Amino acid sequence: MRAIVVEDNAPGRIRLADVAEPVPAPNEALVRVSAASVNPGDLGEIDNAPAGLVVGWEAAGVVEREAADGSGPARGTRVTTFSAAGGWAELRAVPAEWLAPVPDEVGFTDAATLPIAAGSALRAVREIGPVLGRRVLVTGATGAVGAFAVQLGALAGAEVVAVTRDPGQVDRLRQLGASEVVDRPSAATSRVDGVIDNVGGDALVEAFGMLRDNGVLVSVGRAARADAVLRPDDLLSQWDRTRRDIRTFLLLHEDRRLDRDLGVLARWVADGRLRTRVDRVEDLESGVEVIAGREWTGKLVLRVS
C-alpha cells in the first residue's frame, strides 16, 4: 500500500512510499482510508519518530475487515478513527474502541477532523464540570480545538466567551455560539467559571486571573510555545476568587474508549449541531510536499482514496 513514512534524508523527513499492509490485532479493524487529517502532533511525530514509521493520528474511511474478536463495526461501515500512527496510508489497523460509525451525511474529509480536535474539546468542557448557565472562556478560539470548544460549550448551555486577536473572526465565532468575543482574556465583561486554554504562556496566566470562586482552567494546548509564569500575587486568593484549579489535559485520560464520544460528535455534525472546518485538501503526492514545507495555514486534510 501507499503511505507517508518518516525517512531521515527526505525533505521534511517524510516521503511517499510503498509499504506492507498492516496486520490487525484481534481487537483491531482494518480500515481503508479515504481522508486523513494533519495535526500539530503529527509534525512533532515526524521530527522525533524513527525512520519507517507511518505517520498520522486521525483518519476516516470504510471498514475493510472487522475486528476478529467481534468488537467494533462490521465490514463496509463508514468510520472515523484515531490511533498513535498509521493514518496517512491507504489502510490502517485501529483498535475498535478508537473508531466510530459516521453517518452518510458526513463526508470523509470532515469526519477525519473529529477525533483529536472535537474529542479534546468535548472532554475539556466535561472537565470543567456542569456548565449550564455558567460562563466559559475559550482561548485560541479560532483554532481547531477552540472552535469546537466554543460550539460544544454553547451546546452544553454555557455563556461562551471566545478569545481571538483576529477581528475578522468575530462574526464567525458568534455564529458558532459565542455570546461574547474579546481580543484578550482580561477584556471579558465579567469573571468566568471555566477556561479552556489552547494557547498557554501569558494567555493562560491572564485567563487564570479571570476565574471566579471554584473556577477550573483546563490547559489543552500550548500554541504560544511560551512559558506560563505565575507570580505570587496571581495565586493569591481573594474573596471572589479562591479554590481555583489549573488542570493538565490528556485526551484519553477521562476514558481510554473514544468510540462513544466519536459517535456522538459524528451524529451532531450530521444533524447540523456541530460544524467542522477544512481549509485545504491535498492528495498523498502533493500533501507530502506541503507538509514537508510546513507553510500552509488552517486545517489541512489529505485525500487518500
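Because the structure is predicted, anything quoted here is derived from the model rather than measured.
The backbone N or O of Ala84 lies less than 3.5 Å from a partner atom in the side chain of Trp57, making a donor-acceptor pair. Without hydrogens or angle criteria, Ser120 side chain to Ile116 main chain gives a donor-acceptor distance under 3.5 Å. The closest donor-acceptor contact from the side chain of Arg280 to the backbone of Trp296 lies at 3.5 Å or more, if one exists at all. Within the 3.5 Å criterion, the main-chain N or O of Val106 finds a donor-acceptor partner in the side chain of Arg78. Distance alone, capped at 3.5 Å, is enough to place a donor-acceptor pair between the Asp213 side chain and the Arg241 backbone. Between the side chain of Glu289 and the backbone N or O of Glu285 there is no donor-acceptor pair closer than 3.5 Å. Looking at Arg174, its side chain does come within 3.5 Å of a backbone N or O of Ser179 through a donor-acceptor pair. Side-chain atoms of Thr80 come within 3.5 Å of backbone N or O of Ala111 as a donor-acceptor pair.
Partners of Trp88 under the ring-ring contact (aromatic ring centres under 6.0 Å, His included) rule, at least two apart in sequence or in another chain, do not exist in this structure.
By the 4.0 Å N-to-carboxylate-O rule, Arg257 lies close enough to Asp259 to be salt-bridged with it. Salt-bridge check for Asp233 with Arg231: failed, with every basic side-chain N at 4.0 Å or more from each acidic carboxylate O. Between Arg2 and Asp283, none of the side-chain N atoms (NZ, or NE/NH1/NH2) sits under 4.0 Å from a carboxylate O, so this pair counts as no salt bridge.
Residue pairs meeting the side-chain hydrogen bond (donor to acceptor under 3.5 Å, both in side chains) criterion with at least one member in residues 23-32, sequence neighbours excluded: Arg32-Glu64. Residue pairs satisfying the side-chain hydrogen bond (donor to acceptor under 3.5 Å, both in side chains) criterion with at least one member in residues 126-149, sequence neighbours excluded, are listed as follows: Arg126-Glu254, Arg126-Asp261, Glu127-Arg247, Arg135-Glu159, Arg135-Glu180, Arg135-Ser190, Thr139-Asp197. The list of side-chain hydrogen bond (donor to acceptor under 3.5 Å, both in side chains) pairs with a residue in residues 96-108, not counting sequence neighbours, is empty.
You'll find the side chain of Val136 stays beyond 4.5 Å of the side chain of Val125, heavy atoms only. Annotation: side chain of Asn214 is not in contact with side chain of Asp193 (no heavy-atom distance under 4.5 Å). Residues Thr81 and Pro115 have side chains not in contact (no heavy-atom distance under 4.5 Å, counting atoms from C-beta outward). Contact check for Leu114 versus Glu58: no side-chain heavy atoms found under the 4.5 Å cut-off. Between Leu30 and Leu91 the shortest side-chain heavy-atom distance falls below 4.5 Å. When side chains are defined from C-beta on, Val161 does not count as touching Val138, because their heavy atoms never get closer than 4.5 Å. Residues Arg65 and Arg75 have side chains not in contact (no heavy-atom distance under 4.5 Å, counting atoms from C-beta outward). Looking only at side-chain heavy atoms (C-beta outward), Leu122 and Phe148 stay at 4.5 Å or farther from each other.
If you check the side chains of Ser305 and Glu90, you find no donor sitting under 3.5 Å from an acceptor. In this structure, a donor-acceptor pair under 3.5 Å is absent between the side chains of Thr164 and Asp166. In this structure, a donor-acceptor pair under 3.5 Å is absent between the side chains of Thr113 and Lys299.
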Under the criterion side-chain contact (heavy atoms from CB on, under 4.5 Å), I'd like the reasoning laid out for Leu284 against Val304: C-alpha separation, chi angles, the key distance, then a yes or no. CA-CA 6 Å; Leu284 286 179; Val304 181; 4.0 Å; yes

Does the side-chain contact (heavy atoms from CB on, under 4.5 Å) test come out yes or no for Val218 and Ile128, once each step is laid out? CA-CA 7 Å; Val218 184; Ile128 291 172; 3.9 Å; yes

List the steps, then state whether side-chain contact (heavy atoms from CB on, under 4.5 Å) holds for Asp110 with Val102. CA-CA 10 Å; Asp110 292 316; Val102 172; over 6 Å; no

Report the C-alpha separation of Arg260 and Asp255 in whole Å, then their side-chain angles, then the decisive distance to 0.1 Å, and conclude whether the side-chain contact (heavy atoms from CB on, under 4.5 Å) test is met. CA-CA 10 Å; Arg260 290 184 288 265; Asp255 184 354; 3.1 Å; yes

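A distance of 9.5 Å separates CG in Leu137 from CD1 in Ile196, rounded to the nearest 0.5 Å. Put simply, CZ on Arg165 and CG on Asp183 are 10.0 Å apart, with the number rounded to the nearest 0.5 Å. Taken from CZ in Arg92 to CD in Glu21, the straight-line distance is 15.0 Å, to the nearest 0.5 Å. We find the CG-CG distance between Leu43 and Asn48 to be 11.0 Å, quoted to the nearest 0.5 Å. Separation of atoms CG (Leu204) and CD1 (Ile246) is listed at 5.0 Å; rounding is to 0.5 Å. Taking CZ of Phe82 as the reference point, atom CG of Leu251 lies at 5.5 Å (rounded to 0.5 Å).
Considering every non-hydrogen atom in both Val79 and Pro73, the closest pair reads CG1-CG, 3.9 Å. Taking both residues in full, the closest heavy atoms of Ala266 and Pro101 are given as CB-O, 3.9 Å, listed atom of the first, atom of the second, then distance.
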Listed pairs under 3.5 Å, donor-acceptor, residues 3-17 side chains, sequence neighbours left out:
from  : atom 1 : to    : atom 2 : distance (Å)
Glu7  : OE1    : Arg15 : NE     : 2.1
Glu7  : OE1    : Arg15 : NH2    : 3.4
Asp8  : OD1    : Arg13 : NE     : 3.1
Asp8  : OD1    : Arg13 : NH2    : 2.5
Arg13 : NH1    : Ile46 : O      : 2.6
Arg13 : NH1    : Ala49 : O      : 2.9
Arg13 : NH2    : Ala49 : O      : 3.0

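Atom CD of Glu295 has 12 or fewer neighbouring heavy atoms from other residues, nucleotides or ligands inside a 6.0 Å radius.
Its side chain within the 4.5 Å cluster rule, Val62 clusters with Phe108 among the Ile, Leu, Val, Met, Phe, Trp and Tyr residues.
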